[in-house]
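Take a look at the structure set out below.
Keep in mind that what you see is a predicted model, and the values were worked out from it rather than measured.
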Amino acid sequence: MKKRILIVGGVAGGASAAARIRRLDADAEIIMFERGEHVSYSNCCLPYHLSGTVANSDSLVLMSPEMFFKQHEIEVRVLSEVTAISREDKSVTVQNLADGSSYQEHYDKLVLSPGASPILPKSILGIQRPHVFTVRNVRDIKALKDYIDSHKIEKAAVIGGGFIGVEVAENLSLAGIQVSLVEGAPQIMAPFDYDVVQTLHKEMMDNGISLHLSSTLTEVLEDRILIRTQEETSEIKADLVVMAIGVRPEIALASAAGLTIGTTGGVWVNHNYQTSDPNIYAVGDAIESFNRILRQPGRLALAGPAQKQARGAADHIYGKTNENPGFIGSSCIRIFGQNAACTGINERTARDSGISCDFAYVYPTDKVGLMPDCHYMVFKLLFEVPTGRILGAQAVGRGNVDKRIDVIAAVISMGGTLEHVKNLELCYSPVFGTAKDVVNFAAIVGLNILNGVYRQVPVTQVRELAESGAFIVDVREEHEYAAGHLNGSLNIPLSQLKERMNEIPKDIPVYLHCRTGQRSYYAITRLQGRGYKNLYNIAGSFLGISHYEYFNDHAKGRTPILDKYNFT
C-alpha cells in the first residue's frame, strides 16, 4: 500500500527528508508544507546579500515547488501553515495563508521540521518599530535590503554577536554602513574561548565595527538605541536595528499535540528521530539532540546536523536503523580577513561541566614561512586530564583554519587522544602547510603539558604577572625585543642564554616567552638541564599577549603592559 508522508517545514531538514524518502520509495505520496514563500533556500548565505556578495536575492532560492515536483514528484505547498496535529486520526490541520481557508490532511507518517525563530524580547521598548529587523528567511533579507536602499541607511546597530549577528554586521559594514554591534556577553562568538576570540575582536575593530560588549539593549528609538553596560545607560546612533540575539525552537505545534518536550526546550526524539508518538518524527533546529562530549541532552541549530537527522528519520520510516552518536558541534565563519573554526567544547564549557582538562595554545604558521601568503594562526587544542582524550579545538587565522578543525572533529568522532593527533599523517606541501602540521604541533605541545615536561601559564594571567613584578624573560633576539615587548621583562635572547644563564634566579618562579612559545620552550628545556625547576612557559607568547591585550586595553581603557603591540 502506498505510504502517505506529510512534512512540516522545508529548508535543510524538511527538504532533505522529502528528497531521501523519494529515493527510498518511488511510490510514496509526499506533501511538504511551508508557511513561508520559499521551501528551499540558502539560509546561511542570507547575510551576504546585504553587501552584494550575493547580488540577486532570487539566487538564494535553491528550488521552487514546481522544480520539486518535476524532479522528485514531491508536492510542495508554500504559504501553508500546519496549525494542529490530531494524533488520534493521524491528520493535520492546514491553513492556507493566501486566502485564510483551512483543511485537513491525513498521514501515515509525519515529519516535523519547523526550525527555530528569532528571539524578540517584549521587555525591550520600541522593539516593534518598523526599522527593527530579524534575519530568518529570504523574505526577511529582501525586506531588510530594500529598507536600507530606500532609506539610505548610514548607521546601523546589530544586537547579538553570534554567527548571524557577526555576519550581518560584517556585510552591512562592507556595504558602507557604520555598524555598532551590541552583545550581552563579554565576547562575540560564544563557541570560542575568550583568549582565542580576541583576534576576532581586533579584526572587527580594525574594519570599523564599534563593539559594545557586556551590554544589553533596553530601548529602540527612531534614530538611536539605548544600551545598558553595568550600571550605566548610553545611546548609540542607529537608523536601523537588526536583532540577532538568538533563536528558540518552534515547539508550539508539537507541544499542543502532546508530544514530549525535552529538558533543553526542544522536541524530544529517540535515536531514530521519532518523537513520543512513533508515527511522528522531528528533525532540525526544533529538536533536542545529544551532546556526545558532555554526555547529556543539548540543542544545535546548524544545517549539517539537520540534514543528517533528516536522512536518519527517512531511513527509519523504511525500516533502516540509524546510528545516532549525537553531535560534537563543528562550525566556521569568516570575519573580514580572518577565518575562524571550532569543534567540540571550549575550555569554559569543560570547566563549568566539571571536566578535568588542559590545553595547548599555539601560534604556528599555516604554511611554510618562505611562502608569500604565510600567516600565523592561533590554535587551541583542549584535552581531558589524565586521559588525553580530545575535547575540542579552536582556530583563527587568515589561512585554512577549517581544514585543521575538520581533522580534529574527525579525531573527536573516533574518540581519539593527543597521541592519535600527534601521529596523524597529513598532506604536506609548502603552499598548503608545514611538514609538522598545526594539529600535530598542538598535540605534541599538549602531550608535553600532560606529561609534565614543562608548565605553562595562560595569556589571561600575564597582566597580573607583569603588574605584580614577576620575573619574566623574553628570549627573542634584541631587534625583536626593540620592536615591541612586555614592560618589565628581561631580554635574554636564546642565542645568548648559555652566557647569561646566571642572570636567571633559581629561587623564584620564572616566566619565559618568545614570539610564539617555541623558542621559550627550547630555553626551558636547556634551563631544566642546568637544574632550574620553577619555570613556566607563557602560552601564546608575544603574539598571544599582543592580541589579548590590544582589545582589553582599548575596550577597558587600561594602562598597557606592552610598549608596542605586534601581530605579525
Side-chain angles (χ1 to χ4, degrees), residues 4-19 21 29-46 57-58 60-69 72 74-87 90-107 109-120 128 133-144 164 243 246-257 259 261 265-267 275 280-287 301 303 306-307 309-310 313:
R4 195 164 203 264
I5 301 174
L6 306 184
I7 299 173
V8 180
V11 201
S16 296
I21 289 167
E29 183 180 1
I30 307 168
I31 305 175
M32 184 161 42
F33 303 96
E34 170 58 49
R35 67 185 175 189
E37 300 173 55
H38 308 288
V39 69
S40 179
Y41 54 89
S42 180
N43 194 300
C44 298
C45 288
L46 294 176
S57 62
D58 291 340
L60 293 166
V61 180
L62 303 178
M63 189 171 287
S64 66
E66 293 77 18
M67 190 62 69
F68 259 107
F69 191 78
H72 304 293
I74 294 170
E75 182 180 352
V76 175
R77 301 178 189 176
V78 295
L79 296 176
S80 299
E81 182 174 6
V82 175
T83 58
I85 302 170
S86 175
R87 294 164 54 191
K90 298 174 69 174
S91 70
V92 299
T93 300
V94 185
Q95 183 179 18
N96 185 326
L97 300 180
D99 60 18
S101 62
S102 294
Y103 59 94
Q104 275 72 43
E105 291 285 2
H106 288 270
Y107 63 83
K109 301 292 182 182
L110 176 65
V111 180
L112 302 179
S113 181
S117 58
I119 297 173
L120 288 171
Q128 301 300 330
F133 292 84
T134 59
V135 175
R136 185 189 184 192
N137 52 38
V138 177
R139 184 177 186 177
D140 288 346
I141 206 69
K142 288 176 67 175
L144 175 55
I164 295 297
M243 295 296 298
V247 296
R248 59 167 57 94
E250 292 270 18
I251 62 171
L253 182 64
S255 180
L259 301 179
I261 305 300
V267 178
T275 67
I280 302 177
Y281 293 75
V283 300
D285 297 355
I287 72 168
Q307 290 187 344
Q309 294 158 10

- Message: Assess the residue pair R87 and I280 against the criterion (side-chain contact (heavy atoms from CB on, under 4.5 Å)); give the C-alpha distance rounded to whole Å, side-chain angles, the decisive distance to 0.1 Å, and a yes or no.
- Response: CA-CA 9 Å; R87 294 164 54 191; I280 302 177; 3.9 Å; yes
- Message: Determine whether V267 and L112 satisfy the following criterion, side-chain contact (heavy atoms from CB on, under 4.5 Å), listing intermediate values before the conclusion.
- Response: CA-CA 10 Å; V267 178; L112 302 179; 5.6 Å; no
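- In this view, R77 and E75, E105 satisfy the salt bridge (Lys or Arg N to Asp or Glu O under 4.0 Å) rule, not counting sequence neighbours.
- Separation of atoms CE (M243) and OG1 (T134) is listed at 9.5 Å; rounding is to 0.5 Å.
- Annotation: side-chain hydrogen bond (donor to acceptor under 3.5 Å, both in side chains) contacts of E66 (sequence neighbours excluded): S64.
- Nearest heavy atoms, V135 versus D140: C-OD2, 3.9 Å.
- Residue I287 holds its CD1 atom at 13.5 Å from OH of Y281, rounded to the nearest 0.5 Å.
- Residues L6 and V92 are in side-chain contact: their nearest non-hydrogen atoms beyond the backbone lie under 4.5 Å apart.
- When atom types are taken as modelled, the side chain of S113 and the backbone of G14 share a donor-acceptor pair closer than 3.5 angstrom.
- Checked against side-chain hydrogen bond (donor to acceptor under 3.5 Å, both in side chains), S255 has no partners two or more places apart in sequence or in another chain.
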- Message: Quick one, Y107 with I31, criterion side-chain contact (heavy atoms from CB on, under 4.5 Å). Give me CA distance, side-chain angles, the key distance, then yes/no.
- Response: CA-CA 10 Å; Y107 63 83; I31 305 175; over 6 Å; no
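- Every residue was checked against the side-chain hydrogen bond (donor to acceptor under 3.5 Å, both in side chains) condition with S57, not counting sequence neighbours, and none meets it.
- Rounding to the nearest 0.5 Å gives a distance of 12.5 Å between CG of L120 and CZ of F133.
- Judged as a ring-ring contact (aromatic ring centres under 6.0 Å, His included), and not counting sequence neighbours, F68 has no contacts.
- Q95 contributes no side-chain N or O that, together with a main-chain N or O of L97, makes up a donor-acceptor pair within less than 3.5 Å.
- Here the shortest heavy-atom pairing between S80 and V94 reads CB-CG1, 3.9 Å.
- Side chain of E34 to main chain of G10: a donor-acceptor pair is present (N/O by atom type, distance under 3.5 Å, no hydrogens or angles).
- Under the 4.5 Å side-chain criterion, counting only non-hydrogen atoms from C-beta, D58 is in contact with K142.
- Proximity of L144 to I141: side-chain heavy atoms (C-beta onward) are separated by under 4.5 Å at one or more points.
- Take E81 and apply the salt bridge (Lys or Arg N to Asp or Glu O under 4.0 Å) test, not counting sequence neighbours, and it matches R35.
- How far CG of L60 is from OG of S40: 11.0 Å, rounded to the nearest 0.5 Å.
- P118 and R136 get closest at one heavy-atom pair: CD-CD, 4.0 Å.
- Separation of atoms OG1 (T275) and CD1 (I85) is listed at 8.0 Å; rounding is to 0.5 Å.
- Considering every non-hydrogen atom in both Q309 and G284, the closest pair reads OE1-N, 2.7 Å.
- The shortest non-hydrogen separation linking A17 to I7 is C-CD1, 4.3 Å.
- Counting heavy-atom neighbours within 6.0 Å of K90 NZ, excluding the residue itself, gives a total above 12.
- In this structure, the separation between OG on S86 and CD on Q104 is 8.5 Å, given to the nearest 0.5 Å.
- The minimum heavy-atom distance linking V78 with E37 is given by the pair CG1-O, 3.7 Å.
- Side-chain atoms of D285 and V247, non-hydrogen and from C-beta on, never get closer than 4.5 Å to each other.
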